[in-house]
Each structure stands twice: as structure tokens, then as C-alpha cells.
Amino acid sequence: MSSSKVSVMLSLSAVLLSSLLAMAAAGNFYQDFDITFGEQRAKILNGGQLLTLDLDQYSGSGFKSKNEYLFGRIDMKIKLVAGNSAGTVTAYYLSSQGPTHDEIDFEFLGNSTGEPYTLHTNVFSQGKGNREQQFHLWFDPTKAFHTYSLVWNSQRIIFLVDNIPIRVFNNLESVGVPFPKNQPMRIYSSLWNADDWATQGGRVKTDWTHAPFTASYRNFKANACVTGSSSSSCGVTTGASTNSLTDQQSSWHNQGIDAAGRNRIRWVQQKFMVYNYCADLKRFPQGLPVECSRSRF
């Protein structure tokens, strides 16, 4: 065989291998998730590489991960409901079960056409939440897929949008603030009707003439500790430990916020934060929660 043919075959093999590796890295919805409700409204497409959730006047839909995780980094690309999404909520979160459950939330609150989505975040520990921070986004989340990530380790929880940190919840157990660290959690997502509260305090209702509403998901990645089997396993990437957020798969075990990350989170919170429980003195007339007096980052 001529050297040119060998070169072509090697090149094709390299392209095929890289494609397979990319697909493996992105996860497979058939392998990684179960549909929880909504029947045919939840669809896994493209050989497991795409998942869509629909909402109509009869039901929403949802899914959950087959695995439970205790610490790690979770990434998902999501494209939200387009057009008039008022009254709809697309929830994407980690949660355990029971009255003293832990939970780490992204919730996307729909709005009227032309009005911005509200990204609602919250942290529950031992059944207690009330730690809401809300943001508008600096892009249209319905036009393309964007990556929404959670880094969860024993020191902190970091919420990221397209690898830009928007919120940090630090472990402050030393001053009596509960922190999620003992309960394994599954990944959940759902699209549902919440027009009693989701859009402008419930003043704007869901317009069912626009149904079905659709949210789309792809490129799921979990670099995390999987629990619930005979032996737990942790997804660990190679390379030196770092605080930098520029590496999409940097070691999450002790990941924090470096100087560049602090600049980014300040930019987001100054320009796009629309609610912060730590600034709501009317809600907490007896004094703000303890963590509100501590460093945000």
C-alpha cells in the first residue's frame, strides 16, 4: 500500500476516534438518565445525544440521572423555551430525597416574548433553603445551547454559566450554617407550568395557544463521585490541581475562585443580579442569615 493511502487511512481513523471520544465525553441520555414523567413529551433523540422536554396544557415532563453523586462537577448544555414562555419553569438541579434533603438549584423562569428569563438559584441543606439569588442572563438562552454547571466539593458550591461563575456558596459549618456534604444527590430536570408564581409574581399566565413548549438538552458531563453501587467511583481528570476556572475540567475536589473568576462574578452580580436574599432586610427583620456577613467568594 502506498504511503499516501496509509496517510489517508490514518487520518480517517483519527477523525473517527476523535468523534467517538467526543460522543463518549458528552454522555448518552439513554445510558445516563431515566424519564420520570410526561410519557411521550420527553424524547431522547440522535442516538442518545439529545433530549427534549415538552409542556402542554395536560402535563409537563422530566428526567433524572440513573446515578447518584456525592461531590463533583456537572455540566449540561440547555436551550430554553423560545417565544412566549411566560408561566413555564425549566428546572435543572441536584437533589437528595426526604424531609431533610439537600438540593442545589438552577430554575429558569419564563417570560413574555421579548422579556428576559430569570435564572433562579437556591441551596438547600438538611431541608432548609431560602437562599435565593436571581439573575438575568447576558444573552438570549433560547437561540442556542449554553452550558450550565455546578461545582460541588466539601469547601463550596459554584454555579457557572458558560464557565463564568455567577454564585458561590461556601461551607460555613464552622459558624453554624449547614452545608450539603453527606447526602448523595441525583440530577433532575423538568419543564412544568408554574403560572401561579413564575412570571412577574404570577400576574402573567401561560398562553396555551403557544403549546407545546420545548426545552432541549445535550452534552451532559459528570466529572464526579458516583455512589450507590458496591463501590463508589470518582471521575478524576489528569493534570495538576488548580483554582482556575479557565480549564473546563479542572480538579473540582478543591476548586475555588481565582482572581479572574472573582472579577467575572463581580461583573455578573453587579450587572445582572436582580434578587439577593442577603440584601432583603424586609424578609429578615431579625437580621440577615449568618452567611450573608461572610465573604461571598
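Fair warning: this is a prediction, and the values are worked out from it, not measured in the lab.
Linking ILVMFWY residues whenever their side-chain heavy atoms come closer than 4.5 Å, directly or via other members, leaves Y93 and Y275 in distinct clusters.
Considering Y117, F213, Y148 in turn, Y148 is the only one that fulfils the ring pair (Phe, Tyr, Trp, His ring centres under 6.0 Å) rule with F108.
Residues D207 and T209 bring a donor and an acceptor atom of their side chains to less than 3.5 Å of each other. One side chain, S251 or H253, offers a donor N or O that lies under 3.5 Å from an acceptor on the other.
The minimum heavy-atom distance linking S112 with V204 is given by the pair OG-CG1, 3.6 Å. Closest of all the heavy-atom pairs between I166 and F135 is O-CZ, 3.4 Å. Nearest heavy atom pair, residue M76 against residue F29, reads SD-CZ, 3.9 Å.
Looking at T36, its side chain does come within 3.5 Å of a backbone N or O of G62 through a donor-acceptor pair. In this structure, the side chain of R73 does not engage the main chain of S149 through any donor-acceptor pair within 3.5 Å. Of the possible polar contacts, one joining the N153 side chain to the Q255 backbone as a donor-acceptor pair under 3.5 Å is found. Remark: the backbone N or O of D102 is paired with a side-chain donor or acceptor of S96 at under 3.5 angstrom. N28 places a side-chain N or O within 3.5 Å of a backbone atom of Q31 that can act as its donor or acceptor partner. Counting only distance, with no hydrogens or angles, the side chain of N122 and the backbone of R131 share a donor-acceptor pair below 3.5 Å. With hydrogens and angles ignored, the 3.5 Å screen pairs no side-chain donor or acceptor of N254 with any backbone N or O of G256. The main-chain N or O of C292 is never found under 3.5 Å from a side-chain atom of Y277 such that the two would form a donor-acceptor pair.
L119 contributes atom CG, which lies 10.5 Å from atom CD of Q133 (distance to the nearest 0.5 angstrom).
Ring geometry for W197 versus H120: interplanar angle over 60°, hence perpendicular rather than tilted (30 to 60°).
A cation-pi contact, defined as under 6.0 Å to the ring centre and within 45° of the axis, links R218 to F145.
No more than 12 heavy-atom neighbours from other residues, nucleotides or ligands sit within 6.0 angstrom of CD on E39.
Less than 6.0 angstrom separates the ring centroid of Y92 from the ring centroid of F106.
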